[in-house]
Amino acid sequence: MRFAAAVGSEPPWFVGRCLEVEVASQGRTAEEALANLREALELNFEGGPSAEGIEIPTIAAVEMSA
């Protein structure tokens with residue numbers, strides 16, 4: 001399975017969030033946050049439904065006037 005992830009900095013941590021499934025994790029580096037997110041996703045799906053039933057949300061840019 002392949003998911004999209006967003007990684008942001010929330011000092012002193014990096015936070016990885018899956019864009020298709022409401023799962024997040026953190027780490028001291030961006031790479032560690034992604035590795036921890038991968039583990040969290042594996043645990044989320046362990047013994048549960050497969051990713052085939054996941055409805056992929058629409059991800060879009062939102063513009064605001066200044």
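The residues of the chain are indexed from 1 along the displayed sequence. Below, all heavy atoms of this structure are taken into account, side chains as well, without hydrogens, waters or symmetry copies. Keep in mind the model is a prediction, meaning the values are calculated, not measured.
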Inset, instruction - Determine the minimum heavy-atom distance between A6 and L19, stating which atoms define it. - result: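 Shortest heavy-atom separation between A6 and L19 comes out as CB-CD2, 4.0 Å.
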**Request:** Over all heavy atoms of both residues, which pair between A33 and G16 is shortest? Give the atoms and the distance, please.
**Result:**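 Heavy atoms of A33 and G16 come nearest at CB-N, 4.0 Å.
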What residues, two or more places apart in sequence or in another chain, satisfy side-chain contact (heavy atoms from CB on, under 4.5 Å) together with [X]?
X: E10; answer: V15, R17
X: A30; answer: V7, F14
X: E31; answer: T29

N/O donor-acceptor pairs under 3.5 Å from side chains in residues 34-42, not counting sequence neighbours:
unit_1, atom_1, unit_2, atom_2, d
N36, ND2, Q26, O, 2.7
N36, ND2, E32, O, 3.3

Could you walk me through whether V21 and F45 pass the side chain to side chain contact (heavy atoms under 4.5 Å, CB included) check? CA-CA 10 Å; V21 183; F45 288 107; 4.0 Å; yes
